[in-house]
> 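The structure that follows is given in the form of structure tokens.
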Amino acid sequence: MTENKELKIVMLGTGCPRPEISRSGPAQVVFVDELPILVDCGEGTTDQLMKAGIAPEEVNHLWFTHLHSDHTFGYAQFLLGGWELGRRELTVVGPKGTKKFHDNLLAMYDEDISYRLSAGRPQEGLLNVKIIEIEKPGLVESSLPVRVTAEEMVHSILTYAFRFEVDSKAIVISGDTAPTDSLVKLAQGADILVHDCCLVANSTYYPNHQDPEKRDLWNRISQTHCTPSQAGDTARLAGVKTLVLTHLFPKIDVNAVQKEAEETFTGTVIVPDDLQAISVEKKEKQSIK
Ligand SMILES: [Zn+2]
Ligand SMILES: [Zn+2]
């Protein structure tokens, strides 16, 4: 009756397509009480899970925001490694193309998988992975004890942001996106908004740069990603409590990113390190005590 689930997120990988030793590829885990839901699976995800004390074989749900390489590089190891460790059930949810991506991976490792199966390992958890492709924005049907809503973002391929909501607590993950009203709508009143922040604050990449290469890079990336101040705008318009910036460039000036976001958003801004956990505050504290 008084059941009130806890909601938190662990930032496994806060990096971007450019490799960096201190930031793993994009990935995070949403916890509904003890249940882990992996969102994206960038390079190093399995290592990061273990560093965070989360057994990869106990992660039975993976949601892909989109299928760009930086968000999927860790899938082979997560799939096969987690199976080796004993995972026998896995559901993968993602945009159209997720099934093809998964099947291609199995085909690529066909011989390896045949060998492992011939050595007596069960095929459950590997050959019977349940793949759900999101048909359209809106509520996504799933067996999870949390309501998940998807909205289409503005990126170079089909990308969904997700809102995980339970007991009037909500965590929203933007995936990769340029500024869009769809995210403002999806993130309304959320406790935590994890937001793409791929453009460096006060950057050498900003427009009007003398170097045409850097100007071009800005023009390209700014069509598909956000600056800290744009992320702050979305957080403000959506009225979220905490903005968490991710998808960070190597050697980024964390303080400058934080400062720039705080110029457009007066709530809490977090520029996390890998493995940082952020919990949604318990709401009964405010109302009961
Ligand atoms: Zn992307
Ligand atoms: Zn990305």
Side-chain angles (χ1 to χ4, degrees), residues 9-30 38-48 62-78 92-98 100-102 104-105 133-134 137 150-163 171-180 182-183 186-187 193-201 203 205 216-228 230-231 234 243-252 254 257 261 270-276:
I9 189 160
V10 180
M11 302 302 296
L12 294 178
T14 58
C16 74
R18 298 184 179 191
E20 188 190 10
I21 195 122
S22 62
R23 293 195 189 276
S24 198
Q28 48 263 300
V29 178
V30 172
L38 180 61
V39 180
D40 287 341
C41 196
E43 173 76 3
T45 293
T46 301
D47 282 4
Q48 295 299 92
L62 164 59
W63 289 58
F64 282 118
T65 59
H66 64 305
L67 298 173
H68 269 163
S69 55
D70 54 320
H71 297 248
T72 57
F73 272 143
Y75 185 58
Q77 171 69 319
F78 174 73
V92 179
V93 184
K96 194 167 166 14
T98 301
K100 184 177 156 200
F101 169 71
H102 170 84
N104 283 346
L105 187 75
E133 293 193 339
I134 298 166
E151 272 300 335
E152 200 175 323
M153 296 293 100
V154 176
H155 199 45
S156 52
I157 58 170
L158 178 60
T159 299
Y160 288 109
F162 298 128
R163 180 184 180 105
I171 293 177
V172 175
I173 297 168
S174 73
D176 292 0
T177 189
T180 168
S182 297
L183 184 57
L186 184 73
L193 169 60
V194 176
H195 202 301
D196 171 22
C197 177
C198 197
L199 299 179
V200 188
S203 158
Y205 297 108
D216 285 352
L217 185 64
W218 161 266
N219 286 335
R220 204 156 28 84
I221 301 182
S222 63
Q223 304 298 312
T224 50
H225 290 281
C226 283
T227 64
Q230 288 169 334
T234 298
L243 172 65
V244 179
L245 299 172
T246 190
H247 210 278
L248 303 165
F249 265 55
K251 298 191 174 58
I252 199 165
V254 168
V257 168
I270 298 175
V271 187
D273 292 326
D274 277 13
L275 305 180
Q276 192 166 336

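Whatever order the structure lists ligands and atoms in, that order sets their numbers, starting from 1.
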> Enter the distance from T224:OG1 to D176:CG here, rounded to the nearest 0.5 Å.
7.5 Å
> With respect to the Zn ion (ligand 2), what is the nearest N, O or S atom of D176?
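Minimum-distance N/O/S atom of D176 relative to the Zn ion (ligand 2) is OD2.
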> Would you mind naming the N, O or S atom of D70 nearest to the Zn ion (ligand 2)?
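Going by distance to the Zn ion (ligand 2), the closest N, O or S atom in D70 is OD2.
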> Is Q48 reaching over with its side chain to a backbone N or O of L12, donor-acceptor style, under 3.5 angstrom?
yes
> Could you pull out the atom name of the N/O/S atom in H71 that is nearest the Zn ion (ligand 2)?
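For H71, the N/O/S atom sitting closest to the Zn ion (ligand 2) is NE2.
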> Tell me which N, O or S atom of H247 sits nearest to the Zn ion (ligand 2).
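Relative to the Zn ion (ligand 2), the closest nitrogen, oxygen or sulfur of H247 carries the name NE2.
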> Assess the residue pair E152 and S182 against the criterion (side-chain contact (heavy atoms from CB on, under 4.5 Å)); give the C-alpha distance rounded to whole Å, side-chain angles, the decisive distance to 0.1 Å, and a yes or no.
CA-CA 7 Å; E152 200 175 323; S182 297; over 6 Å; no
> Does OH belonging to Y75 count more than 12 external heavy atoms closer than 6.0 Å?
yes
> Has H68 got an N, O or S atom lying less than 2.8 Å from the Zn ion (ligand 1)?
yes
> With a 6.0 Å cut-off on the ring centroids, do H155 and H225 count as close?
yes
> If you have a sec, read the angle at the Zn ion (ligand 1) from H66 atom NE2 over to H155 atom NE2, to 10 degrees.
100°
